[in-house]
Structures are given as C-alpha cells and as structure tokens.
Engineer: 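Below is a structure I'd like to ask you about.
Positions are given from 1 along the sequence. Just so it is clear, the model here is predicted, and its values are computed rather than measured.
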Amino acid sequence: MKRQFTIVGVDEASVAEGKVAFVAPIARAVQGAKLGKTVTLRLGPKEEVVEVTNITYDVA
C-alpha cells in the first residue's frame with residue numbers, strides 16, 4: 001500500500017489534505033530517514049514497517 005503525506009507544523013495538519021504534524025508518530029518515524037530506508041512505525045502494540053520511497057522539499 002502506498003501512502004503519501006506532507007510533514008507540516010501542528011497548526012497546518014489536516015488528514016483530509018494528507019498533511020501530518022511533525023509530532024505525529026509517522027512523521028517522527030521517518031524524520032531523518034534516507035531514501036530507500038525502512039523504518040518501524042509503532043502505534044501502541046502494533047508495528048508497521050514502512051519504506052521511504054520519495055523525499056521532496058517544497059520551498060514556500
């Protein structure tokens with residue numbers, strides 16, 4: 001399953017728009033990860049391994 005999201009500030013977060021706050025578990029899991037790296041996302045007792053397949057940086 002492929003998911004795409006944008007990491008934003010807390011006040012900009014919107015699930016409907018695919019924007020997650022930098023403090024969200026998935027954002028914290030991938031911060032600092034390099035392209036192709038797999039990271040483990042922990043949500044309570046459940047774990048999910050995700051792979052970073054694309055990184056972009058939008059300049060406002």
Side-chain angles (χ1 to χ4, degrees):
M1 174 206 263
K2 183 177 180 178
R3 290 184 270 179
Q4 181 176 335
F5 58 90
T6 303
I7 300 173
V8 297
V10 175
D11 58 331
E12 299 171 273
S14 169
V15 174
E17 295 177 27
K19 297 178 179 180
V20 297
F22 69 95
V23 294
I26 193 159
R28 291 192 348 228
V30 299
Q31 286 175 5
K34 297 190 184 314
L35 193 62
K37 182 177 179 183
T38 57
V39 296
T40 303
L41 172 61
R42 291 181 180 85
L43 297 170
K46 185 179 175 185
E47 288 187 352
E48 183 178 345
V49 176
V50 296
E51 180 183 1
V52 178
T53 59
N54 188 21
I55 300 171
T56 59
Y57 179 75
D58 295 332
V59 179

Engineer: Just so I know, are the side chains of I7 and V30 near enough to count as touching, which here means a heavy-atom distance under 4.5 Å?
Structural biologist: yes

Engineer: I'd like to know whether CD of Q4 has more than 12 heavy-atom contacts from other residues, nucleotides or ligands below 6.0 angstrom.
Structural biologist: no

Engineer: Working to the nearest 0.5 Å, report the span between CG of L35 and CD of E51.
Structural biologist: 8.0 Å

Engineer: For L43 and P25, which heavy atoms make the closest approach, and how far apart are they?
Structural biologist: CD2-CB, 3.9 Å

Engineer: If you round to the nearest 0.5 Å, how far is CD1 of I26 from CD of E48?
Structural biologist: 7.0 Å

Engineer: Return the CZ to CG distance between R28 and L41, rounded to the nearest 0.5 Å.
Structural biologist: 10.0 Å

Engineer: Please report the closest heavy-atom contact between K19 and E12, naming both atoms and the distance.
Structural biologist: CD-O, 3.8 Å

Engineer: What heavy-atom pair brings A21 and A27 nearest, and what distance separates the two atoms?
Structural biologist: O-CB, 3.3 Å

Engineer: Minimum heavy-atom separation for A13 and V20, please, with both atom names.
Structural biologist: CB-C, 4.3 Å

Engineer: Is there a path of hydrophobic side-chain contacts, each under 4.5 Å between heavy atoms of I, L, V, M, F, W or Y residues, that connects V8 with F5?
Structural biologist: no

Engineer: How far apart are the closest heavy atoms of A33 and I55, and which atoms are they?
Structural biologist: O-CD1, 3.7 Å

Engineer: Are F22 and V52 linked, directly or through other ILVMFWY residues, by side chains that come within less than 4.5 angstrom of each other?
Structural biologist: yes

